[in-house]
2 protein chains.
Amino acid sequence: MPTGNKKKNQLVPEPALRRMPCYLSYLKLAQKEGMKHISSTFIARDMGVDPTQVTKDLSYTSIVGKTRVGYEVEPLIEELESFLGFTVVDEAYLFGVGSLGTALLHDHGLKQFGLKVIAAFDVNPEVVGKTIEGVPIYHIDEFKNKNRTGAIIGILTVPVGNSQEVTSIMVEGGIKAIWNFTPVTIKVDDDIVVQNTSLYAHLAVMFNRLKVKSSSSK
Amino acid sequence: MPTGNKKKNQLVPEPALRRMPCYLSYLKLAQKEGMKHISSTFIARDMGVDPTQVTKDLSYTSIVGKTRVGYEVEPLIEELESFLGFTVVDEAYLFGVGSLGTALLHDHGLKQFGLKVIAAFDVNPEVVGKTIEGVPIYHIDEFKNKNRTGAIIGILTVPVGNSQEVTSIMVEGGIKAIWNFTPVTIKVDDDIVVQNTSLYAHLAVMFNRLKVKSSSSK
DNA sequence: TCTAATTAAAGAATATATTCTTTATTAAAA
DNA sequence: TTTTAATAAAGAATATATTCTTTAATTAGA
């Protein structure tokens, strides 16, 4: 049996992981206002969530709070950033320089959170050869050669019909994690990480909630 | 007690709602290939999910399948699109024309899924007065006047520090649903719908899964 | 016409996530 | 030094979502 912290190997629940960047941005604001310590009850009240959920979520990191004092703001921020992988910058390729792909290339916020797009790939001759925000766009056939540099993260923003095909190309070329912005459920081996972020799925949830609210208020 | 379909008033689970656009894009591809009928087991096998989950998810819509045949593709597509609110185009305002806001304005995919940005607001004199992809950008002070036209959906892409402030302005101006792209937990009254879509939260989940995978494979 | 195989749908069982409760700790005040 | 109040943390209870099981329907084939 391997030694080491059991927590490191156990899977952190996705809902908890998704909340962590919220704590992080909240803590950064608190730090700006000069706060040195902050308690879970305080965070919870401010953010409108359950206090025990805050402590449970934060317990997945290696930070421990102090009774009657709370957490030290600065170390907690540092721990969260490193725990979430925001401190080291990973390189990524983007596949599909259409409307959404172009949009993402314009967002430099990604680099701040540890992801730097170093090249993009497409088949459209109108975009191949150009650069967007300093990122060169190559024909997808060049991907296998280019991947010598070893990016293991791929951003998938191709049209729905090409999703699975491009996914296969990505995996064959050594991509280990796919950030999938298409609404397609792509199929990959177990060793490949897939993160689905379909904006339209979120839009669907919003429309539904809005519909339910407006029909119940009548 | 009100009459009418009980299902319409009961909240559809968010996970189910998020999967629906996936079914939709899958069905559209199937339709292109000439399929008229499709069974839940077939969909499930193709998408790598549980067959009963497919039927359960689809049962929230008013479509029923036929035993030994499955669902009719075309009516199912139509029902899903209308159920998800993709058939009618809602108008929206975008708040914060920074990096991410600009990016979203470039994505015309949104209109296709029922959301049309008709105006954007910011305070930066460098962008105020310009247009991006045909969308005019106004100073946020002009929001209250502009909102006579009655958009009730707002897209929030301001910097973290201004999130809550701009949220209040949005709600005061009549916004009923906020698509929040900031990692901040904004506070609003119960009657306002908030849909959180923090790209960085998804990034965090991906980094974590990648870390776990790479550490367990050694 | 009858039988067998396939399927949707409903409900039960399981798994997962969230919230509640208790306990032990400890800083601050008496 | 002692007491009190506030807190983190662990585990139990609850709520939620997913998966499994059963049932009934019905089409295709014998």
Side-chain angles (χ1 to χ4, degrees), chain A residues 5-7 10-20 22-23 27 30 35-73 75-76 79-80 185 196 201 204-205 208-209 212, chain B residues 5-7 9-20 22-23 27 30 35-73 75-76 79-80 83 185 196 201 204-205 208-209 212:
Chain A
N5 194 342
K6 187 193 163 197
K7 272 183 186 167
Q10 113 191 356
L11 217 57
V12 179
E14 189 166 325
L17 276 175
R18 275 211 291 254
R19 282 188 295 265
M20 285 188 192
C22 303
Y23 299 132
L27 289 165
M35 299 193 70
K36 300 290 179 206
H37 293 269
I38 197 160
S39 72
S40 64
T41 43
F42 198 89
I43 298 173
R45 189 164 34 208
D46 247 16
M47 292 179 58
V49 296
D50 193 275
T52 56
Q53 185 163 73
V54 176
T55 57
K56 184 148 271 189
D57 287 346
L58 296 180
S59 74
Y60 293 113
T61 74
S62 59
I63 283 285
V64 288
K66 256 189 181 172
T67 302
R68 264 189 79 84
V69 176
Y71 303 91
E72 280 188 84
V73 175
L76 183 53
E79 166 65 15
L80 270 176
T185 329
N196 295 307
V205 176
N208 181 268
R209 300 305 186 224
V212 171
Chain B
N5 194 341
K6 189 191 162 197
K7 272 183 185 168
N9 284 334
Q10 110 191 359
L11 217 57
V12 178
E14 188 166 325
L17 276 175
R18 276 211 291 253
R19 281 188 294 266
M20 286 189 193
C22 303
Y23 299 131
L27 289 165
M35 300 193 70
K36 299 291 179 203
H37 293 269
I38 197 159
S39 72
S40 64
T41 43
F42 197 89
I43 297 174
R45 188 165 32 208
D46 246 17
M47 293 180 56
V49 297
D50 193 276
T52 57
Q53 185 162 72
V54 176
T55 57
K56 184 149 273 187
D57 287 347
L58 295 181
S59 74
Y60 293 113
T61 73
S62 59
I63 283 284
V64 288
K66 256 189 180 173
T67 301
R68 264 189 80 86
V69 176
Y71 303 91
E72 278 188 87
V73 175
L76 184 53
E79 166 65 14
L80 271 176
F83 183 85
T185 329
N196 296 307
V205 176
N208 181 269
R209 299 304 186 224
V212 171

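Just so it is clear: chains get the letters A, B, ... in the order the sequence lines come, proteins before strands, and each one is counted from 1.
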- Message: Please confirm whether the shortest side-chain N or O distance from A:Thr67 to OP1 or OP2 of C:dA27 is below 4.0 Å.
- Response: no
- Query: CG of A:Asp57 versus P of C:dT16: gap in Å, rounded?
  - Reply: 18 Å
- Item | Separation of C:dA9 C1' from B:Ile43 CD1 (nearest whole Å) | 15 Å
- Take the protein atom CG of A:Leu58 and the nucleotide atom P of C:dT18, then report the distance between them rounded to whole Å. 14 Å
- Toward the 5' end of DNA chain C, which comes first, A:Pro15 or A:Val69, by nearest nucleotide? A:Pro15
- Is there a side-chain polar atom (N or O) of B:Arg19 under 4.0 Å from OP1 or OP2 of D:dT18? yes
- Query: Which sits closer to the 5' end of DNA chain C, A:Arg68 or A:Gln53, going by the nucleotide each is nearest to?
  - Reply: A:Gln53
- Message: In the structure I gave you, are the side-chain heavy atoms of A:Asn196 and B:Arg18 within less than 4.5 Å of one another anywhere?
- Response: no
- Message: What's A:Lys56 touching, base or sugar-phosphate or nothing? Going by heavy atoms closer than 4.0 Å.
- Response: base
- Message: Using 0.5 Å steps for rounding, measure from the CG atom of B:Leu76 to the CG atom of B:Leu58.
- Response: 5.5 Å
- Task: For residues A:Pro75 and A:Ile63, report the shortest heavy-atom separation together with the two atoms involved.
- Result: O-CD1, 3.8 Å
- How many Å lie between CD on A:Glu72 and P on D:dT7, as a whole number? 16 Å
- Do B:Arg19 and B:Gln53 pass the side-chain contact (heavy atoms from CB on, under 4.5 Å) test, and can you show the C-alpha distance, the side-chain angles, and the key distance before you say yes or no? CA-CA 10 Å; B:Arg19 281 188 294 266; B:Gln53 185 162 72; 3.4 Å; yes
- Length of the OH-P vector between B:Tyr23 and C:dA8, whole Å: 12 Å
- Item | Spacing of A:Arg18 atom CZ relative to C:dA17 atom C1', expressed in whole Å | 12 Å
- Message: Looking at D:dA9, I'd like to know if its phosphate oxygens (OP1 or OP2) sit under 4.0 Å from a side-chain N or O belonging to A:Tyr71.
- Response: yes
- Query: With a 4.0 Å cut-off on heavy atoms, is B:Thr52 in touch with a base, just the backbone sugar-phosphate, or nothing at all?
  - Reply: base
- Please report, rounded to the nearest Å, how far the C1' atom of C:dT14 is from the CG atom of B:Asp50. 13 Å
- Item | Pairwise 5' ranking along DNA chain D for B:Ala16 and A:Ile38, keeping only the more 5' one | A:Ile38
- Item | Side-chain donor or acceptor of B:Glu14 paired with backbone N/O of A:Val205 under 3.5 Å | no
- Query: OP1 or OP2 of D:dA9 sitting under 4.0 Å from any side-chain N/O of A:Thr55?
  - Reply: no
- When the distance from CZ of B:Phe42 to C1' of C:dA5 is rounded to whole Å, what number comes out? 18 Å
